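Step one of this worksheet: look at the structure below.
Every value quoted in this text rests on a predicted model; they were computed, and no experiment measured them. Just so it is clear, the values below take in all heavy atoms, side chains as well, and ignore hydrogens, waters and symmetry mates.
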Amino acid sequence: MARVAWNYAEDERLLHSEAGPVGRDLARKGERVAAEQRRTAPVSPDGSHGREPGYMRDHISSNLDRDSLGLYVDIGTDAKTPNGHAYPLDVELGTRPHTITSHGDYPLRNPKTGQVFGKTVEHPGADPQPFLRPSLDVLRRE
């Protein structure tokens with residue numbers, strides 16, 4: 001009869017450690033997806049919300065971590081407008097027409113041109129510019 005001895009410490013290192021082969025492969029794949037997101041993220045030539053051009057692209061990252069289920073990689077951008085709205089999903093999926101309202105007793109204006117719009121503006125919405133979900137296709141091409 002054969003005897004099998006399981007090395008739990010080695011199992012943990014191989015399959016569940018960030019430094020093991022599974023963790024290293026997951027981190028490598030996460031960085032490949034993040035690099036594709038940075039390559040394909042739309043960049044406004046004038047910037048937006050008072051930010052420099054490329055702000056959203058420059059905030060794309062890939063972070064290997066673990067939770068109660070095991071290793072995972074968090075890929076994406078933490079870019080936010082000055083008032084805290086996470087807008088990359090709006091870029092990815094587009095937006096419906098909506099009303100923009102001034103948050104004070106002053107009109108909305110374009111700070112670059114000085115154009116004054118009034119206290120409310122009917123925004124026509126924005127077309128989707130997918131760059132997050134399509135970036136996963138780089139893993140299919142491996």
Side-chain angles (χ1 to χ4, degrees), residues 3-142:
R3 180 170 184 254
V4 175
W6 193 260
N7 185 332
Y8 288 98
E10 185 63 8
D11 175 72
E12 179 66 24
R13 186 191 73 76
L14 286 171
L15 301 177
H16 305 289
S17 166
E18 294 175 15
V22 172
R24 288 192 316 266
D25 188 53
L26 190 57
R28 182 186 63 79
K29 287 179 177 177
E31 186 47 46
R32 291 219 348 114
V33 171
E36 181 70 4
Q37 287 179 4
R38 284 189 286 272
R39 187 183 74 76
T40 59
V43 174
S44 169
D46 299 324
S48 63
H49 303 291
R51 310 274 193 198
E52 292 293 317
Y55 173 79
M56 179 179 69
R57 178 202 57 216
D58 295 344
H59 282 78
I60 293 172
S61 64
S62 169
N63 298 301
L64 182 65
D65 207 346
R66 75 168 40 246
D67 61 13
S68 62
L69 299 176
L71 294 173
Y72 69 92
V73 65
D74 188 14
I75 309 160
T77 175
D78 62 356
K80 294 185 175 155
T81 63
N83 67 355
H85 176 70
Y87 69 92
L89 198 55
D90 293 342
V91 175
E92 175 83 1
L93 301 175
T95 60
R96 293 180 177 167
H98 55 282
T99 302
I100 301 174
T101 305
S102 172
H103 292 286
D105 192 26
Y106 47 84
L108 297 166
R109 64 183 74 223
N110 182 331
K112 292 182 180 167
T113 66
Q115 183 180 8
V116 177
F117 300 109
K119 288 192 174 192
T120 62
V121 173
E122 295 301 321
H123 191 285
D127 291 333
Q129 300 180 67
F131 71 101
L132 297 169
R133 294 168 298 158
S135 67
L136 293 170
D137 289 339
V138 298
L139 299 180
R140 289 189 188 148
R141 296 189 291 265
E142 283 193 343

Notebook entry, point to check: Going through the distances and angles, do Asp105 and Lys119 end up as a side chain to side chain contact (heavy atoms under 4.5 Å, CB included)?
Noted result: CA-CA 8 Å; Asp105 192 26; Lys119 288 192 174 192; 2.5 Å; yes
Notebook entry, point to check: Closest approach of Leu71 and Gly23, non-hydrogen atoms and distance?
Noted result: CD1-CA, 3.6 Å
Notebook entry, point to check: How many angstroms lie between atom OG1 of Thr95 and atom CG of Leu89, to the nearest 0.5 angstrom?
Noted result: 11.0 Å
Notebook entry, point to check: With sequence neighbours excluded, what pairs up with Arg24 under the salt bridge (Lys or Arg N to Asp or Glu O under 4.0 Å) test?
Noted result: none
Check: So, do Ile100 and Thr120 sit near enough that their side-chain heavy atoms are less than 4.5 Å apart?
Finding: no
Check: Please walk me through it: do Tyr72 and Leu64 pass side chain to side chain contact (heavy atoms under 4.5 Å, CB included)?
Finding: CA-CA 6 Å; Tyr72 69 92; Leu64 182 65; over 6 Å; no
Margin query: Could you check whether atom CG of Asp127 has more than 12 heavy atoms from other residues, nucleotides or ligands sitting under 6.0 Å from it?
Written below: no
Taking only distance into account, with no hydrogens and no angle test, what donor-acceptor pairs under 3.5 Å do side-chain atoms of residues 52-59 form with protein atoms, sequence neighbours excluded?
from	atom 1	to	atom 2	distance (Å)
His59	ND1	Tyr55	O	2.8

Check: Once you round to the nearest 0.5 Å, how far does OG of Ser62 lie from CZ of Arg28?
Finding: 11.5 Å
Check: CG of Asn110 to OG1 of Thr113: how many Å apart, nearest 0.5 Å?
Finding: 3.5 Å
Notebook entry, point to check: Sequence neighbours excluded, which residues qualify as salt bridge (Lys or Arg N to Asp or Glu O under 4.0 Å) partners of Arg109?
Noted result: none
Item checked: ring pair (Phe, Tyr, Trp, His ring centres under 6.0 Å) partners of residues 90-109, not counting sequence neighbours, each pair once -> His98-His123
Margin query: Could you go through Val73 and Asn63, starting from their C-alpha distance and side-chain angles, then the distance that decides it, and tell me whether this counts as side chain to side chain contact (heavy atoms under 4.5 Å, CB included)?
Written below: CA-CA 5 Å; Val73 65; Asn63 298 301; 5.9 Å; no
Next item on the list: Output all residues satisfying side chain to side chain donor-acceptor pair (under 3.5 Å) with Asp67, sequence neighbours left out; order by chain, then residue number.
Entry: none
Next item on the list: Mind checking the CD1-CG spacing from Ile75 to Leu132? Nearest 0.5 Å is all I need.
Entry: 10.0 Å
Item checked: Contact summary for Pro97 and Pro124, nearest pair of heavy atoms -> CG-O, 3.5 Å
Item checked: Thr99 vs Val121 side-chain heavy atoms within contact, under 4.5 Å -> no
Checklist line | Side-chain donor-acceptor contact under 3.5 Å, Thr81 with Asn83 | finding: yes
Next item on the list: Test side chain to side chain contact (heavy atoms under 4.5 Å, CB included) on Glu92 and Phe131 and set out the steps.
Entry: CA-CA 6 Å; Glu92 175 83 1; Phe131 71 101; 3.7 Å; yes
Item checked: Atom pair CG (Asp74) and CG (Asp65), whose distance is rounded to the nearest 0.5 Å -> 8.0 Å
Next item on the list: Only counting residues at least two apart or in another chain, list the ones meeting salt bridge (Lys or Arg N to Asp or Glu O under 4.0 Å) with Glu10.
Entry: Arg13
Margin query: Within the 4.5 Å heavy-atom criterion, are Val91 and Pro42 side-chain neighbours or not?
Written below: yes
Check: In terms of side-chain geometry, is the basic nitrogen of Lys29 or Asp25 positioned less than 4.0 Å from the acidic oxygen of its partner?
Finding: yes
Item checked: Ion pair check, Arg39 and Glu36, cut-off under 4.0 Å -> yes
Next item on the list: Report the distance from atom CZ of Arg140 to atom CG of Asp137, rounding to the nearest 0.5 Å.
Entry: 4.5 Å
